[in-house]
Amino acid sequence: MKIGIVCYPTYGGSGVVATEVGLGLAKRGHEVHFITYKRPVRLSPFNENVFFHEVGEADYPLFEYPPYDTALASKMVDVVKHANLDLLHVHYAIPHAAVAYMAKKILLSEGRYVPVITTLHGTDITLVGKHRTFAPVVSFSINKSDGVTAVSDYLRKETQSLFDIKKDIKVIYNFIDFDRFKKVDKDHFKKLIAPNGERILTHVSNFRKVKRVEDVIHVFKRVYEKVPSKLLLVGDGPERQNLEELCREIGLCHEIRFLGKQDAVEELLAISDLFILPSGNESFGLAALEAMACEVPVISSNVGGIPEVNIHGETGYLSEIGDVESMAKHAISILLDEEVLQRFRANALAQARRFDIKHILPQYEEYYQHILETAVY
Ligand code: GMT
């Protein structure tokens, strides 16, 4: 198949998933064309089945807001025609699903039909999408997509309850590539960070409000009082400054390291004993799955799709949003007892295996095939 993938190319779950879907499909012999404004971060410079089409900047003195959507639609039309694509797979509804609809209509006016599949990732529905600024367009463009997938059952139901959706939404979970995410021996590195055998707690995110990274610090403070430990904060984003100030206020700067954006997250997970994800909203929680694949149990909130990934009392624990006391209590119960930690580590790995890319990618292929065979225009 010849597949066009449209996504946000920056750090962040939806772009990562879109890139990995494309790369995985290319490995399986498909021709994959990424259409976006920048080379996606996980896209290596050369791969014979992978092509990258950059959406140019539509700047002009008249534009206070350069019309990216129009430039993207034009690029989609161009790539569909010249690379002879079989379908467009757009990740994150805003604005990609609406723009794809426009591209599809332009192509149809020229007698060329291309089906569009939209994958919903989470905030495109739960935070941004439902806002009245976007809701009518999101609802319309989901209904006009030929196929719609969601990354968890929670997100499927939430989309159906927030909008008047007339289409079936297929759940295709986020996935993990075990060639990359696995526990490797990085003991020398662990000794540098925790020279006295302290436990290592880790959080990885884009430091947006929705991630509640301040809760990570509050949980860590409580854990630190009972278990010698260090905290690694990986990523960057709008809350970083506030978080640094919070560390100073509670006097734990020397035990908490801000590592910024990291490409080799798996190396940090390899030395971690516990992962903390206290999000206020999370459609799936890819970061938790990456941790579990590296045998790291997860302490998380119980929102959204997280319970479909992190199993309470088995692979970690789930608590109410903001209940840092409960999160800390659970964290301590795992960290204080090596046998318990090893049991949770093994369970986390076993659960992560359910989301092996090898099981999930064929689901996308089958779905593409189904849409190609059944879509009507
Ligand atoms: O978590 C983020 O803020 C990034 C966001 C994105 O779209 O880039 O992630 C969403 O998509 C991921 C991949 O499907 C999911 O694993 C995340 O749970 C989801 N984030 C939220 O729902 C907050």
Side-chain angles (χ1 to χ4, degrees), residues 5-24 36-38 40-42 89-97 117-131 134 138 148-159 162 169-177 181 203-213 215-216 233-240 261 265 275-293 298 300-310 318 321 351-352 354-355 357 360-361 363-364:
I5 292 196
V6 179
C7 64
Y8 284 105
T10 45
Y11 286 83
S14 67
V16 168
V17 170
T19 309
E20 297 295 344
V21 168
L23 292 177
T36 180
Y37 59 83
K38 207 165 81 185
V41 280
R42 288 199 185 175
H89 184 181
V90 304
H91 290 257
Y92 207 87
I94 306 167
H96 301 146
I117 293 174
T118 298
T119 289
L120 309 172
H121 281 273
T123 50
D124 47 351
I125 299 298
T126 56
L127 280 185
V128 197
K130 72 177 184 193
H131 194 273
F134 298 111
V138 170
V148 185
T149 78
V151 299
S152 66
D153 199 44
Y154 154 79
L155 186 58
R156 177 182 70 78
K157 290 185 183 134
E158 191 67 2
T159 308
L162 287 169
I169 299 179
K170 172 140 182 85
V171 175
I172 303 184
Y173 283 112
N174 281 178
F175 52 82
I176 195 83
D177 183 350
F181 287 93
H203 169 81
V204 183
S205 78
N206 48 27
F207 289 28
R208 295 193 194 132
K209 271 223 171 311
V210 67
K211 300 293 171 181
R212 299 183 64 96
V213 189
D215 286 359
V216 176
L233 292 174
V234 185
D236 211 341
E239 288 299 299
R240 164 94 182 243
K261 287 177 184 165
V265 173
F275 190 82
I276 309 190
L277 189 71
S279 305
N281 207 322
E282 201 70 66
S283 66
F284 180 90
L286 183 58
L289 177 59
E290 291 179 345
M292 288 160 61
V298 174
S300 68
S301 58
N302 59 4
V303 284
I306 299 181
E308 293 170 61
V309 185
N310 185 23
L318 300 121
I321 300 172
Q351 166 73 350
R354 289 185 50 221
F355 302 94
I357 188 170
I360 307 286
L361 263 192
Q363 295 178 26
Y364 276 112

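Both ligands and their constituent atoms are indexed starting at 1 by order of listing. By convention here, the first residue in the shown sequence is residue 1.
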statement: Numbered in order shown, the ligand 1 atoms found under 4.0 Å of a heavy atom of Arg208 are 3 (O)
message: Would Val17 count as a polar contact of ligand 1, with the cut-off being nitrogen or oxygen pairs under 3.5 Å?
response: no
Closest non-hydrogen atom pair, Pro278 against Ser301: C-OG, 3.6 Å
field: Interfacing atoms of ligand 1 (cut-off 4.0 Å, heavy-atom, Val151)
entry: 14 (O)
message: Which of the numbered atoms in ligand 1 are under 4.0 angstrom from any heavy atom belonging to Ser283?
response: 15 (C), 17 (C), 18 (O), 19 (C), 21 (C), 22 (O)
field: Leu286: numbered ligand 1 atoms lying under 4.0 Å from its heavy atoms
entry: 16 (O)
query: Under 3.5 Å, is there a donor-acceptor pair linking the side chains of Thr118 and His96?
result: no
- request: Below 4.0 angstrom from a heavy atom of Lys211, which ligand 1 atoms are there? Numbered from 1 as shown, please.
  value: 1 (O), 2 (C), 3 (O)
query: Backbone N or O of Asp153 within a donor-acceptor pair of the Glu308 side chain at under 3.5 Å?
result: yes
Under-4.0 Å heavy-atom contact with ligand 1, by part of Asn174 that carries it: side chain
- prompt: Quick check: does any side chain N or O of His89 sit under 3.5 Å from a backbone N or O of Ile117, one acting as donor and the other as acceptor?
  reply: no
query: After noting the C-alpha distance and the side-chain angles of Phe284 and Phe355, does the key distance pass the ring pair (Phe, Tyr, Trp, His ring centres under 6.0 Å) rule?
result: CA-CA 12 Å; Phe284 180 90; Phe355 302 94; 5.5 Å; yes
Nitrogen or oxygen atoms of Val210 and ligand 1 under 3.5 Å apart: no
message: Does ligand 1 come near enough to Gly285 that some N or O of the ligand is less than 3.5 Å from an N or O of the residue?
response: yes
- prompt: Atom OG1 of Thr126 and atom CD of Glu158: how far apart are they, to the nearest 0.5 Å?
  reply: 7.0 Å
- request: Report, in ascending order of atom number, the atoms of ligand 1 lying under 4.0 Å from any heavy atom of Tyr92.
  value: 7 (O)
- request: Mind checking whether Asp124 contacts ligand 1 via backbone (N, CA, C, O), side chain (CB onward), both or neither, at a 4.0 Å heavy-atom cut-off?
  value: neither
query: To which of Asn281, Thr126, Ile306 does the heavy atom nearest atom 23 (C) of ligand 1 belong?
result: Asn281
query: When you measure from the side chain of Glu290 to the backbone N and O of Phe181, does any donor-acceptor pair fall under 3.5 Å?
result: no
message: For a quick check under 3.5 Å, do Thr149 and Thr119 share a side-chain donor-acceptor pair by atom type?
response: yes
query: Under 3.5 Å between some N or O of ligand 1 and some N or O of Gly15?
result: no
- prompt: In chain order, what residues pass the ring pair (Phe, Tyr, Trp, His ring centres under 6.0 Å) check against Phe275, with sequence neighbours excluded?
  reply: none
